[in-house]
2 protein chains.
Amino acid sequence: MRSTAEARRVTVLNAAVSAFARTGFHATPVTTVAAAAGISEAYVFRLFSGKLGLFVAAAGACFERIALAIEEGAERAAGASPEEILDAMGGAYAELIADRDLLLFQVQAQAVTDIPEIAEAVRAGYRRVATFVQDRAGASDAQVQQFFAYGQLCHLIVTAGLEQVPEPWARALIAGIRHP
Amino acid sequence: MRSTAEARRVTVLNAAVSAFARTGFHATPVTTVAAAAGISEAYVFRLFSGKLGLFVAAAGACFERIALAIEEGAERAAGASPEEILDAMGGAYAELIADRDLLLFQVQAQAVTDIPEIAEAVRAGYRRVATFVQDRAGASDAQVQQFFAYGQLCHLIVTAGLEQVPEPWARALIAGIRHP
DNA sequence: CATGTATGTAAGTGTGCACTCACAAACTAG
DNA sequence: CTAGTTTGTGAGTGCACACTTACATACATG
């Protein structure tokens, strides 16, 4: 035994988040994930229940990492006002998605919510993050809503590549957003 | 000649926006679009330059309809304050995406921006809408940004099916958003 | 060492789908 | 009527990819 199955699963999930982030569920062959993880395609199918199971597990890993980062951000602003805590959470999130994999994976997951298992995974992910933001920051409904609205705006900025667009409309959409 | 090629193209594009909205670029066979348009798959390939050409043309049609709706909304609030014009535009947009095809198509398009032609089509679409909002409403950068941020929040609400979720975090994200 | 179990893979199999081609029917122009 | 153009399709072709099966190799335990 070179490795335990559980350790392999972690490796594969990291590769899966990256691969699915780039090309999405349907356009990402399992072979690509397997190659990135350094194992055979057949073994991926033994470790996860089909491509769908792999994607759902990757979604879990993705939101897990997001939730952890936001919790960490909240730690740094412990005891401050809701606005300051939200700001710290936003900063932690901005740092986390600098490499774009986690952001793009969310976009890809939202695009395949016609598959019920994925829709449920997406809801579960946002449930975890949203309830935490609401409880931990002590933020109002409107503040939580705003937090997620501008988070979703980041998705547009990154997928459309607006950082590279010098025109005024693009600059307006980017203005003040951290790190897209 | 039953119909002219140009008329067929319009029919096919309507079918394409609907079909791609539901299952996305990679998971939507051209056969599905052809069947919905009532013609053969082979003829779709003659009318458009491949599946990619069809998707890009559908994106054009999608943003065209969005732009028209927003312009119409602006008409109704002609001469009012920026806030009121933005509100009228938002209302017109909310009406338009009641059937969800146009909203879901945008989500699907954003998910396949790794294909350069699609990325450019997405940018062109948002360029048109954003510049119009900015110019016509006379809105500040921050107002335009907010307009799009809450528009993107609608994408999340619809794809994750949050209207059906009774939990507090979901209610907070939906609160005050028109018609999702 | 023998037996059992977990880790790992090479080599298929079947299917779905993008795209093509040869051909047909309708319409137009002279 | 004939010749040419446009609209339209049925029947392929080839390839990519999800998933399986049979088999190999490492490690543990008695």
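Basis for what follows: all heavy atoms, side chains included, without hydrogens, waters or symmetry-related copies. Within every chain, numbering begins at 1; the chains are lettered A, B, ... in the order of the sequence lines, protein sequences first and strands thereafter.
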Q: Check every atom of C:dT9, D:dT9, D:dC19 against the side chain of A:Lys51 and return the nucleotide holding the closest atom.
A: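 Side chain of A:Lys51 sits closest to D:dC19.
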Q: Using the rule that two of Ile, Leu, Val, Met, Phe, Trp, Tyr join whenever any of their side-chain heavy atoms come within less than 4.5 Å, decide whether B:Leu68 and B:Leu103 are in one cluster.
A: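 No, because B:Leu68 and B:Leu103 fall into different hydrophobic clusters, even though each may have its own neighbours under 4.5 Å.
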Q: Of the nucleotides D:dA18, C:dT7, C:dA22, which one has an atom closest to the side chain of A:Tyr43?
A: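 So the nucleotide nearest the side chain must be C:dT7.
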Q: Can you tell me how far P of C:dC19 sits from CG of B:Leu47, to the nearest Å?
A: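 These atoms are roughly 15 Å apart.
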Q: Of B:Gly38 and A:Val30, whose closest DNA chain D nucleotide lies nearer the 5' terminus?
A: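 That would be B:Gly38.
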Q: Look at all strands and tell whether A:Thr28 reaches a base, only sugar-phosphate, or nothing, counting heavy atoms closer than 4.0 Å.
A: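 It contacts sugar-phosphate atoms only.
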Q: Quick test of your reading of the model: are B:Arg178 and B:Glu95 salt-bridged, counting only N-O distances below 4.0 Å?
A: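 No, this pair does not count.
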Q: Assign a letter to each nucleotide of nucleotides 10-15 of chain D from its 5' end: B, base within under 4.0 Å of a protein heavy atom; S, sugar-phosphate only; -, no contact.
A: B-----
Q: Can you measure B:Arg46 atom CZ to C:dA24 atom P for me and round it to whole angstrom units?
A: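 Taking CZ of B:Arg46 and P of C:dA24, I get 14 Å after rounding.
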Q: Looking at every heavy atom in both A:Tyr126 and A:Gln110, which two are closest together, and how far apart are they?
A: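 Reported closest heavy-atom pair: OH-NE2, 3.2 Å.
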Q: Consider the side chain of A:Thr4, meaning its heavy atoms from C-beta on, and name the nucleotide among C:dT7, D:dA18, C:dC17 that approaches it most closely.
A: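 So the side chain of A:Thr4 is nearest to C:dT7.
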Q: Please report the distance, rounded to the nearest Å, between CG in B:Leu54 and P in C:dA18.
A: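 Spelled out: CG on B:Leu54 to P on C:dA18 is 10 Å.
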Q: Ignoring the backbone of A:Ala5, work out which of C:dC17, D:dT9, C:dT7 is nearest its side chain.
A: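 Looking only at heavy atoms from C-beta outward on A:Ala5, the closest nucleotide is C:dT7.
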Q: Whole angstroms only, please: what is the CG-C1' distance between B:Leu52 and C:dC19?
A: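 Going from B:Leu52 (CG) to C:dC19 (C1'), I get 14 Å.
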Q: Without decimals, in angstroms, what is the distance between A:Phe20 CZ and D:dC17 P?
A: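 Atom-to-atom, A:Phe20 to D:dC17, this comes out as 12 Å.
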Q: What parts of residues 108-120 of chain B reach DNA chain C, counting only heavy atoms under 4.0 Å away?
A: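 By residue number: none to list.
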Q: Output, in order, the C-alpha distance, side-chain angles, deciding distance and verdict of salt bridge (Lys or Arg N to Asp or Glu O under 4.0 Å) for A:Glu71 and A:Arg76.
A: CA-CA 9 Å; A:Glu71 290 177 23; A:Arg76 290 205 287 263; over 6 Å; no
Q: With heavy-atom distances below 4.5 Å as the criterion, would you say the side chains of A:Phe25 and A:Gln108 are in contact?
A: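 Counting from C-beta outward, A:Phe25 and A:Gln108 never come under 4.5 Å.
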Q: According to the interplanar angle, ranging from 0 to 90°, do the rings of A:Phe20 and A:Phe105 count as parallel (below 30°), tilted (30 to 60°) or perpendicular (above 60°)?
A: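 A:Phe20 and A:Phe105: perpendicular rings.
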Q: Rounded to whole angstrom units, what separation is found between the CZ atom of A:Phe48 and the C1' atom of D:dT20?
A: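 Value for this atom pair: 19 Å.
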Q: Within a reach of under 6.0 Å around CD of A:Glu83, are more than 12 heavy atoms found that belong to other residues, nucleotides or ligands?
A: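 Atom CD in A:Glu83 is crowded, with more than 12 foreign heavy atoms closer than 6.0 Å.
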Q: Closest approach to the side chain of A:Phe45, judged atom by atom: which nucleotide of C:dT7, D:dT9, D:dC19 is it?
A: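 For A:Phe45, the side-chain atoms sit closest to D:dC19.
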Q: Roughly how far, to the nearest 0.5 Å, is the CD atom of B:Glu163 from the CG atom of B:Leu173?
A: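 Answer rounded to 0.5 Å: 11.5 Å.
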Q: Distance criterion of 3.5 Å, no angle test: do you see the side chain of A:Arg8 paired donor-to-acceptor with the base of C:dG8?
A: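 In this structure, the two groups form no donor-acceptor pair.
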Q: Could you state the atom-to-atom distance from NE2 of A:His26 to P of C:dG16 in whole Å?
A: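 So the NE2-P distance, A:His26 to C:dG16, works out to 15 Å.
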Q: Verify, without hydrogens or angle tests, whether A:Thr159 (side chain) and A:His155 (backbone) share a donor-acceptor contact under 3.5 angstrom.
A: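 Looks like yes, one N/O pair under 3.5 Å.
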Q: Name the residue from A:Leu54, A:Thr11, A:Val12 that meets the side-chain contact (heavy atoms from CB on, under 4.5 Å) definition with A:Leu47.
A: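 Between A:Leu47 and the candidates, side-chain contact (heavy atoms from CB on, under 4.5 Å) is satisfied uniquely by A:Val12.
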